[in-house]
Amino acid sequence: MSTLVVYVHGLWLTGNEGGILLRRLGRELNAKTRAFSYPSVRSNISDSAQALGNFLAQQPAETLHLVGHSLGGLVILKMFETGKGAQLPPGRIVFLGSPLNGSRAAQNLARLPFGKKILGKGVHEELLTHRQRRWMGERELGVIAGSVGIGLGRLVGIRGAPSDGTIFVEETRLPGISQHLVLRISHTVLPFSSVVARQTAAFLSDGNFLR
């Protein structure tokens with residue numbers, strides 16, 4: 001059975017940073033891997049989700065797993081919310097440090113001069129206003145959050161609660177997800193960590209993180 005893992009990157013990134021993670025997942029799952037790239041600043045989430053759906057529809061696979069880092073998780077989430085994921089091959093999803101319940105760092109940065117321009121259309125659409133979300137269970141979804149508070153978020157007031165330095169742990173929780181795992185790691189390091197790769201592979205393989 002052919003298996004494909006697709007990685008969706010976060011804000012200000014290109015997908016190239018996911019190369020190490022994808023190589024590890026390819027070995028662990030005996031799968032082919034691809035990275036989906038989108039203009040994270042210039043494009044809104046709805047357009048990026050539409051483009052992701054079109055991209056995935058062209059990928060030949062019997063099993064299709066998705067991994068989203070940070071804002072990439074919201075692109076995947078939006079794709080399923082709009083119904084674009086309904087016809088895709090079966091598989092599982094893992095989000096890495098995705099701000100599923102808003103982002104205080106983004107909200108604080110947006111208040112600064114040029115903040116909204118730096119963050120771009122996608123963040124403006126999804127993270128600057130409160131949203132009530134729930135995962136409706138189209139497929140099993142696991143979330144990995146970091147708890148090492150080292151990152152740019154500390155410059156805009158990310159203090160006082162467990163965080164990965166950019167996103168608070170509580171901001172990564174979402175009703176309806178299958179499992180939530182907190183690791184001692186920072187936001188930027190999530191795609192590069194061998195521990196994250198091992199945990200991601202475990203969940204994509206059988207729907208459970210290693211405990």
Does V196 belong to the same Ile/Leu/Val/Met/Phe/Trp/Tyr cluster as F95, with side-chain heavy atoms less than 4.5 Å apart forming each link?
-> no

Distance, nearest 0.5 Å, that separates NE2 of H180 from CG of L100 = 8.0 Å

Distance in Å, R198 CZ paired with L210 CG, rounded so as to fall on 0.5 Å steps | 7.0 Å

Residues S48 and S43: side-chain donor-acceptor under 3.5 angstrom = yes

List the steps, then state whether side-chain contact (heavy atoms from CB on, under 4.5 Å) holds for L21 with L190.
-> CA-CA 9 Å; L21 173 62; L190 280 164; over 6 Å; no

Going from CD1 on I144 to CG on D164, what distance comes out if it is rounded to the nearest 0.5 angstrom?
-> 12.0 Å

Interatomic spacing from CZ in R139 to OG in S178 - rounded to 0.5 Å | 11.5 Å

Which pairs would a plain distance check flag for residues 50-57, meaning a side-chain donor or acceptor within less than 3.5 Å of a matching protein atom at least two apart in sequence or in another chain?
{"from": "N54", "atom 1": "OD1", "to": "K84", "atom 2": "NZ", "distance (Å)": "2.9"}
{"from": "N54", "atom 1": "ND2", "to": "Q50", "atom 2": "O", "distance (Å)": "3.3"}

Side-chain donor-acceptor pair present, S70, H187, cut-off under 3.5 Å = yes

Stepwise side-chain contact (heavy atoms from CB on, under 4.5 Å) check, L88 with M79 | CA-CA 11 Å; L88 296 176; M79 182 188 68; 3.8 Å; yes

Check whether the side chains of N101 and E170 place a donor and an acceptor atom closer than 3.5 Å, and report yes or no.
-> no

Reported CG-to-OH distance for the pair L96 and Y7, which is rounded to 0.5 angstrom | 7.0 Å

If Ile, Leu, Val, Met, Phe, Trp and Tyr residues are connected whenever their side-chain heavy atoms lie under 4.5 Å apart, and connections chain through other members, are L181 and I93 in the same group?
-> no

Are V143 and V75 joined in one hydrophobic group, where the rule is that I, L, V, M, F, W and Y side chains link up if heavy atoms are under 4.5 Å apart?
-> yes

Can you tell me how far the CD1 atom of I20 sits from the OG atom of S194, to the nearest 0.5 Å?
-> 10.5 Å

Which heavy-atom pair separates S98 from G68 by the least distance, and what is that distance?
-> OG-O, 3.7 Å

Does the pair T33 and R23 meet the rule for a side-chain contact (heavy atoms from CB on, under 4.5 Å), with working shown?
-> CA-CA 8 Å; T33 62; R23 284 194 293 274; over 6 Å; no

For side-chain contact (heavy atoms from CB on, under 4.5 Å), just list the numbers for V169 and S163, CA-CA rounded to whole Å, side-chain angles, deciding distance to a tenth of an Å, and then say yes or no.
-> CA-CA 5 Å; V169 170; S163 80; 5.7 Å; no

